[in-house]
Amino acid sequence: MEDDDPYEGAVSLSQRAMMGATQARAAAYLDKLNPEQRQAVETLDGPVLMLAGAGTGKTSALTARIAHLIHTGRARPNEILAVTFTNKAAREMKERVGRHLGGAIEGMPWLGTFHSVCVKLLRRHAELVGLKSNFTILDTDDQIRLMKQLIVVANMDEKRWPARQLAGLIDGWKNKALTPERVSGRETAAFDNRGSELYAAYQDRLKTLNAVDFGDLLLHMVTIFQTHADVLAQYQRWFRYILVDEYQDTNVAQYLWLRLLAQGHKNICCVGDDDQSIYGWRGAEVGNILKFEKDFPGAAVIRLEQNYRSTEHILAAASGLIAANEGRLGKELWTEAEGGEKVRLIGHWDGEEEARWIGEEIEANQRGTRSRAPVSLNNQAILVRASHQMRAFEDRFLTIGLPYRVIGGPRFYERLEIRDAMAYFRLVTSPEDDLAFERIINTPKRGLGDKAQQRIQIAARENGLSLLDGAKLLVAEGALSGKAGGQLRLFVENITRWHDEIAQASPATAVTRAEDDDLLIEPAEDGVAPANDLSHVRLAERILEESGYVEMWQNDKTPEAPGRLENLKELVKALEQFDNLQGFLEHVALIMDNDKSETEEKVSIMTLHAAKGLEFPVVFLPGWEDGLFPSQRSMDESGLKGLEEERRLAYVGITRAEALCTISFAGNRRVYGQWQSQMPSRFIDELPPAHVEVQTPPGLYGGGMNGGGFSAGAGSATMEDRVSRADVYNSPGWRRLQSAQSRGISQPREARHMTIDASGESDYEIGDRVFHKKFGYGEVMGSEGDKLVVEFDKAGEKRLLASFVVPAADADDVPF
DNA sequence: ATGGGGACAGTTTTT
DNA sequence: CTGTCCCCAT
């Protein structure tokens, strides 16, 4: 216990009450743990690295550990720092810790996302980096707008040097904990040699606006810790135990932040899985987890490898695949569960075909089949590499009326209407919020366009006023004539009136009202009654009504307008949970999410990234084609590192499945409107054959085909069979096999066999007539790399793999 | 000031 | 082939 803490008494009261209640349930949270989990829970002192594979009960161990810390009196809840990446994870941990300790655990103020914890810290020490404690947190929109202005001011061509790119650059620097002064080396060449200059200008501008972006939350705290030893020491002492979830996803700034804080008691427990590191492209450093033992000498490394999620075939397929990666910490999942179905592998003609087949499979699963019990739609998911792949499924499912839900679309608070509404609330609560002003001054249209806005800008700048005050000045001077003048007057009067209403409703409370968070902040003043009259909700409603914003959407004829109005209602409803508008605004940027609790049975469609941490009995993994998955861009930009991250993504995908995992690929796919022939993913070659079953969709590539010239094996065959016969899964893969051997036009001729049958060598020659399922008849004009150049009679010239055409004489053999 | 059309680009995403 | 952004014509 900290003797120097003046507020100890206040909290330890509630603390003791809680401990008392806890005592009775003698550590029930330990009972259900396996030996490794238990070790991870009970190894309390010193650094601990918990390597927790997919589905190994990581959260159980983590939450039990927290419970154990509290239960054994090692730390009080508010002396434990526990950070996650997502609000969802934080919420879940809070809930489960509460359950372990018998409910009502409200005293864990430092369990949250990196960002929410940093906001809390930064509000307290804002002045150390030149901010006021009521700083606003900008959303990406605001950032881009601001940077655009700076680029214009810097006299740069905003076409050649888009603000988006600058934003990405600066974000990257912040992820690496680089302040403008610290940007060095070849980085300075970035953005026409003016990157760091613009970065500095941007930071200046933020300071003037009393604003931060997401990256700043971490960066400012790191800066403060590095430059104010006393502040750092205070927290080093305070946080007796530190826990970090998804450590493999931490970036440099987060790493530094953690390392600084952990230097005190050195009780840091990081949980992660190097095999599931899939966020390198946004600054995550797998290196952090790989070098943990170096960073924290004497660290205990505990591996959780017993998997409680998937069948042995699924685990073996995933393990076999990920084994191709180098520089792993090493870990192999195992399970007690025996049996189960092998991972299924299927090739399709094209993307639509793939979607059609998967749709049918899902419906069949839903009904139940001879060999499978019915699986509800909620228990089935389609995981794609890139969101544009979702479209084929949505199209298909809409036509057949299969209910689906897309996970991870635009976040609630990122939506246009929510941002607009928030800007109104922001401006009303803080009239000096210029970015909010800019956003809504002409939304809805008030006839206040560029010209009017420029005059406001000038008036504000010349008099050192906020934009709203500048506007007031113009109104007072009657500087704007006609319609614009009247509209501007109305606008400023409205804002002012609403602002005054807030002041009356809750006189000078709120902003500094302490949360029952921790011991370092001043305790809440007694006698401040919580403002439960919900007047702020009605005010918010009126703001949206009287500003004409609601009306704007009511008059909007586009199909999304009703949804937007619906969202606005939801937003207002969300306000009820807060005491006032300020409180709402302070939290909303960090915690609003999209968790609509839907009750209807639906199949889920999401990206592999969005699927991390989730699990489904039935999982479909479509689009396993080289260039799409692994993504060409990843490989181009990051080479082997990129490929390995893609492989981890594949690993994440497979390990989401509990009972049935189906991987598929299409031979042809429309990419930006152009048909392209696709190669099966090299990851397919890396799957251990013994755990994969190659299937042939009915009517394609096999099953019941006439004159196919290869084993029909209707329905399925084990992969070993296929490999011995066709040898197409010969690593390093079909593609390299073909491209390396591409001595001119020399390709297997059986178009429909794809990976199934590469035998039957026969060469095409210039002038040969060929047939393609989609393009019809054509003439071979030559070759290019591993592709044939074919001039089709109807479809024109195409480049495609020889395996997708057949000699024209064999056209009858092609199904359909 | 505003809306329509042409040019252009086009992974993965949390906070 | 889309969707987005910006410019220009109204």
Side-chain angles (χ1 to χ4, degrees), chain A residues 83-90 112-119 137-140 143-144 148 157-160 162-165 168 171 174-175 212-219 245-246 249-251 253-254 277-284 351 383-392 395 407-414 416 442 444-454 482-484 487 587-594 606-613 623 627-638 642 645-646 648-650 652-653 669-676:
Chain A
V83 280
T84 65
F85 277 87
T86 65
N87 290 308
K88 197 174 157 204
T113 63
F114 277 99
H115 294 270
S116 66
V117 169
C118 280
V119 170
I137 301 164
L138 300 191
D139 59 35
T140 12
Q143 285 178 55
I144 302 282
K148 207 171 275 177
D157 179 3
E158 44 173 336
K159 268 270 166 58
R160 269 194 66 194
R164 287 219 154 276
Q165 191 189 326
D171 203 46
K174 289 185 176 177
N175 286 340
V212 300
D213 61 24
F214 283 117
D216 280 337
L217 295 173
L218 260 301
L219 182 59
D245 193 18
E246 306 279 18
D249 287 339
T250 50
N251 61 34
Q254 287 154 343
S277 163
I278 55 174
Y279 284 106
W281 51 274
R282 67 173 199 212
L383 313 183
V384 297
R385 174 63 182 84
S387 51
H388 62 75
Q389 289 173 260
M390 294 179 182
R391 191 179 188 136
D395 286 351
I407 311 260
R411 302 260 162 283
F412 185 70
Y413 59 83
E414 276 170 8
L416 181 77
N442 202 28
K445 300 270 183 283
R446 297 188 173 87
L448 297 164
D450 280 353
K451 227 168 116 202
Q453 288 185 43
Q454 258 168 35
K483 189 179 162 232
Q487 287 287 315
H587 288 265
V588 80
L590 295 168
I591 62 164
M592 280 278 273
D593 47 19
N594 221 359
M606 70 190 89
T607 63
L608 288 161
H609 285 92
K612 195 169 79 155
L628 181 58
F629 189 40
S631 131
Q632 193 58 50
R633 198 154 154 183
S634 285
M635 295 187 290
D636 289 348
E637 284 172 10
S638 317
E645 183 155 311
E646 295 286 308
R648 292 193 290 266
L649 207 43
V652 167
R669 203 172 279 281
R670 208 162 35 184
V671 182
Y672 305 140
Q674 289 266 282
W675 280 99
Q676 276 188 4

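It should be emphasised that the depicted structure is a prediction, and the values quoted were computed from it without experimental measurement. Residue numbering restarts at 1 for every chain, and letters A, B, ... go by the order of the sequence lines.
- Stacking annotation: A:W281 is stacked on the base of B:dT12 (ring centroids less than 5.5 angstrom apart, interplanar angle below 30 degrees).
- Considering only side-chain N and O atoms, A:T607 lies under 4.0 angstrom from the phosphate OP1 or OP2 of B:dT13.
- Interface remark: the A:S634 side chain does form a donor-acceptor pair with the B:dT11 base, using a distance-only criterion of under 3.5 Å.
- For the atom pair CD of A:E414 and CG of A:D139, the computed distance is 8.0 Å after rounding to the nearest 0.5 Å.
- To the nearest angstrom, P of C:dT4 lies 17 Å from NZ of A:K159.
- Distance check on atom P: B:dT12 versus C:dG3 gives 15 Å, rounded to whole Å.
- For A:D157, the CG atom sits in a packed shell: over 12 heavy atoms of surrounding residues, nucleotides or ligands are nearer than 6.0 Å.
- Regarding A:R164, its CZ atom lies at a distance of 13 Å from the C1' atom of B:dG10, rounded to whole Å.
- Within 4.0 Å of A:E414, counting heavy atoms only, lies at least one base atom of the nucleic acid.
- Contact between A:G112 and A:A90 at its shortest, heavy atoms only, is CA-CB, 4.0 Å.
- Taking atom NZ of A:K88 as the reference point, atom P of B:dT15 lies 10 Å away to the nearest angstrom.
- Nucleic acid contact class of A:D450 (heavy atoms, under 4.0 Å, all strands): sugar-phosphate only.
- Between the OG1 atom in A:T250 and the CZ atom in A:F114 there is a gap of 6.0 Å [rounded to 0.5 Å].
- When the P atom is used for both C:dT4 and B:dT11, the distance is 12 Å, rounded to whole Å.
- To the nearest angstrom, C1' of B:dT13 lies 12 Å from CG of A:L649.
- The side chain of A:S387 places an N or O atom within less than 4.0 Å of a non-bridging phosphate oxygen (OP1 or OP2) of B:dT12.
- Distances were taken from every side-chain heavy atom of A:R633 (C-beta onward) to each of B:dT11, B:dT12, C:dC6; the shortest belongs to B:dT11.
- When heavy atoms are screened at a 4.0 angstrom cut-off, A:E246 is found touching no nucleic acid atom at all.
- Atom-to-atom, CZ of A:R446 to P of B:dT2 comes out at 11 Å; the value is rounded to the nearest Å.
- Taking only side-chain nitrogens and oxygens, A:K148 comes nearer than 4.0 Å to OP1 or OP2 of C:dC6.
- Minimum atom distance to the side chain of A:E637 is reached by B:dT11, of the listed B:dT11, C:dT2, B:dG3.
- Nearer the 5' end of DNA chain B, as judged by each residue's closest nucleotide, is the contact made by A:K483, out of A:M635 and A:K483.
- Using the six-membered ring where Trp is involved, A:H609 and A:Y279 have ring planes that are tilted, between 30° and 60° apart.
- A:N442 comes within 4.0 angstrom of sugar-phosphate atoms only, judged by non-hydrogen atoms across all strands, and of no base.
- A:S631 comes within 4.0 angstrom of a nucleotide base, judged by non-hydrogen atoms across all strands.
- Put simply, A:N87 has a side-chain N or O that comes within less than 4.0 Å of OP1 or OP2 on B:dT15.
- With rounding to whole Å, A:K445 atom NZ is found 9 Å from B:dA1 atom C1'.
- To the nearest 0.5 Å, the span separating CG on A:L628 from CZ on A:R633 amounts to 13.5 Å.
- In this structure, A:Q676 places its CD atom 14 Å from P of C:dC1, rounding to the nearest Å.
- At the phosphate of B:dT11, OP1 or OP2 sits under 4.0 Å from a side-chain N or O atom of A:Y672.
- You won't find any donor-acceptor pair under 3.5 Å spanning the side chain of A:R385 and the base of B:dT11, going by distance alone.
- The separation between A:M390 atom CE and B:dT11 atom C1' is 12 Å, rounded to whole Å.
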